Amino acid sequence: MRFNIEGKAFQQQLQAVSKVINAKNTMRILDNFLLRIEGDRLSITGSDSENTLTAFVPIMDVEGSGEIAVPAKRLIEITKEISNQPLSFIINDETCEIDLRFLNGHFNFMGVNAADYPEPRTMGDDTTQLTLPASMVLNGINSTLYAVSTDLNRPTMTGIFWDIHEGDVTFVSSDAHKLVKYVNSEKAPEIEASFILPSKTAGIIKTLLSKEDADVKITFDKKGGLFEFGDYYLYSVFINGNYPNYNRVIPSNNPFVLVADRGSLINSLRRVNLFAPKSSNLVMLSLKNEEVVLSAQDLDYGTSAEEKISCEYNGNDMNVGFNGVFMFEILSNMPDDTVQLALSDPARPGIYSGLEPKEGESLITIQMPMVL
């Protein structure tokens, strides 16, 4: 088989698909891309056995059909050097020898028989289909991915929980120190379902999905799902298990509210965190009527820092401790210029939210306090 392809588009799609391939694979065949001619386009597939990503790119002057596995690292290295040129592939179907021709020369290297390359799991008859705007999916992942747990002893919390309702989709993530709940009703799904999407899969979607993409089509069952958007098909095995009841963690009554400029809080935290103990990252907030004082002290090194920020605070004077690194992450991932932190007492979680939520969206983040 043979075909011609535009070098830059080919190299871009190879880079995209490479995101799913692990540095070390238990199956050697997964060190390869699977290239398959499908009419007037070439499909490029990569897999880590649990995630399978396929990208499509147009091809011309096609002769023959078929598929071949090509070492991923070698193909990326080669195409990176000649990505701005038209490329011609001539592939010997029997020996898997590849002749790659470009303007000033050619490369010869060996491919691998594609027969052993694993196919994505076939879903059963109990599948559910859902089509969501790309912006809805992208905002949900952007809002929650940073708070996913890395603790493998609690596997259900190492992904983003999609809680799908008739009128909205709720995206939830938590690492036990903080919890993010993002609700989007931009489009009513009109179904009731749920699944836990692995963080690696969510990261790939975040990287590849563009706001210019119109929709994301999701076909899923209890074990996994296929995400179709733009020039990509991404299949993922879901995390098995029941996600904890996230609504029970959210306090129902936090009457004391701090309102402050998000940028000022972030800049102050950036400085004060330098003096927090490395073992705990403890930062204390001293709240009064028109100011909040952020302070940190590292007794091991005899250092300390204190900084005041103007704010609006409605409540009793209070000293509350938070992990400064987690607080910085939360504020950095909020879209609002002005944020509010609702509290009840130093031993109960604080609730972060924007002062003026967007229509059809709700974002709240819970942070557990630290003992002073």
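Worth saying up front: this structure is predicted, and the values here are computed from it rather than measured. Positions are given from 1, in the same order as the sequence printed here. We use all heavy atoms of the structure for the numbers below, so side chains are in, but hydrogens, waters and symmetry mates are not.
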Say whether [X] and [Y], considering side chains only, have a donor N or O and an acceptor N or O under 3.5 Å apart.
{"X": "Ser286", "Y": "Asn319", "answer": "yes"}
{"X": "Ser236", "Y": "Asn51", "answer": "yes"}
{"X": "Asn247", "Y": "Lys181", "answer": "yes"}
{"X": "Gln367", "Y": "Tyr352", "answer": "yes"}
{"X": "Ser43", "Y": "Glu38", "answer": "yes"}
{"X": "Tyr243", "Y": "Asp163", "answer": "no"}
{"X": "Asn245", "Y": "Arg248", "answer": "no"}
{"X": "Glu186", "Y": "Ser135", "answer": "yes"}
{"X": "Glu361", "Y": "Tyr182", "answer": "yes"}

**Asked** Should Ser88 and Asn4 be marked as a side chain to side chain donor-acceptor pair (under 3.5 Å) after you check the CA-CA gap, both sets of side-chain angles, and the distance that decides it?
**Response** CA-CA 4 Å; Ser88 296; Asn4 296 336; 2.7 Å; yes

Tell me whether [X] at atom [atom1] has more than 12 heavy atoms from other residues, nucleotides or ligands lying less than 6.0 Å away.
{"X": "Glu356", "atom1": "CD", "result": "no"}
{"X": "Arg121", "atom1": "CZ", "result": "yes"}
{"X": "Glu166", "atom1": "CD", "result": "yes"}
{"X": "Asn25", "atom1": "CG", "result": "yes"}

Closer than 3.5 angstrom, by distance alone: can the side chain of [X] be matched with the main-chain N or O of [Y] as a donor-acceptor pair?
{"X": "Asn113", "Y": "Ala69", "value": "no"}
{"X": "Gln13", "Y": "Phe56", "value": "yes"}
{"X": "Asn32", "Y": "Ala72", "value": "no"}
{"X": "Arg348", "Y": "Pro251", "value": "no"}
{"X": "Ser332", "Y": "Glu329", "value": "no"}
{"X": "Asn254", "Y": "Ala342", "value": "yes"}
{"X": "Thr158", "Y": "Pro155", "value": "yes"}
{"X": "Gln85", "Y": "Leu103", "value": "yes"}
{"X": "Arg41", "Y": "Ile59", "value": "no"}

Could you check whether [X] pairs with [Y] (Lys NZ or Arg NE/NH1/NH2 to Asp/Glu carboxylate O, under 4.0 Å)?
{"X": "Arg36", "Y": "Glu119", "value": "yes"}
{"X": "Glu50", "Y": "Lys200", "value": "no"}
{"X": "Asp215", "Y": "Lys217", "value": "no"}
{"X": "Lys358", "Y": "Asp336", "value": "no"}

May I ask you to test the [X]-[Y] pair for a side-chain heavy-atom distance under 4.5 Å?
{"X": "Ser199", "Y": "Leu145", "value": "yes"}
{"X": "Asn289", "Y": "Tyr313", "value": "no"}
{"X": "Leu209", "Y": "Val137", "value": "yes"}
{"X": "Glu63", "Y": "Arg2", "value": "yes"}
{"X": "Thr54", "Y": "Val17", "value": "no"}

**Prompt:** Of all heavy-atom pairs between Ser143 and Leu363, which one has the smallest distance, and what is that distance?
**Reply:**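 Closest pair (atom of Ser143, atom of Leu363, distance): CB-CD1, 4.1 Å.
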
**Asked** Of all heavy-atom pairs between Ser47 and Val20, which one has the smallest distance, and what is that distance?
**Response** N-CG1, 3.6 Å

**Request:** Test Tyr117 against every option in Thr52, Ile68, Thr45, Val112 by the side-chain contact (heavy atoms from CB on, under 4.5 Å) rule and name the one that passes.
**Result:**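 Only one option passes, and that is Thr45.
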
**Item:** Among Thr170, Leu130, Leu132, the one residue meeting side-chain contact (heavy atoms from CB on, under 4.5 Å) with Trp162
**Value:**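 Considering Thr170, Leu130, Leu132, a side-chain contact (heavy atoms from CB on, under 4.5 Å) with Trp162 is found only for Leu132.
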
**Asked** What's the verdict on side chain to side chain donor-acceptor pair (under 3.5 Å) for Glu291 and Ser310, showing C-alpha distance, side-chain angles and the deciding distance?
**Response** CA-CA 5 Å; Glu291 69 177 23; Ser310 298; over 6 Å; no

**Message:** Checking Phe3 against Phe10 for the ring-ring contact (aromatic ring centres under 6.0 Å, His included) test, could you report, in this order, the C-alpha distance in whole Å, the side-chain angles of both residues, the deciding distance, and whether it holds?
**Reply:** CA-CA 12 Å; Phe3 59 87; Phe10 184 48; 7.3 Å; no

**Message:** Are Ile78 and Val57 linked, directly or through intermediate hydrophobic residues, by side-chain heavy-atom contacts shorter than 4.5 Å (ILVMFWY only)?
**Reply:** yes

**Pair Phe227 and Tyr232, ring centroids less than 6.0 Å apart** = no

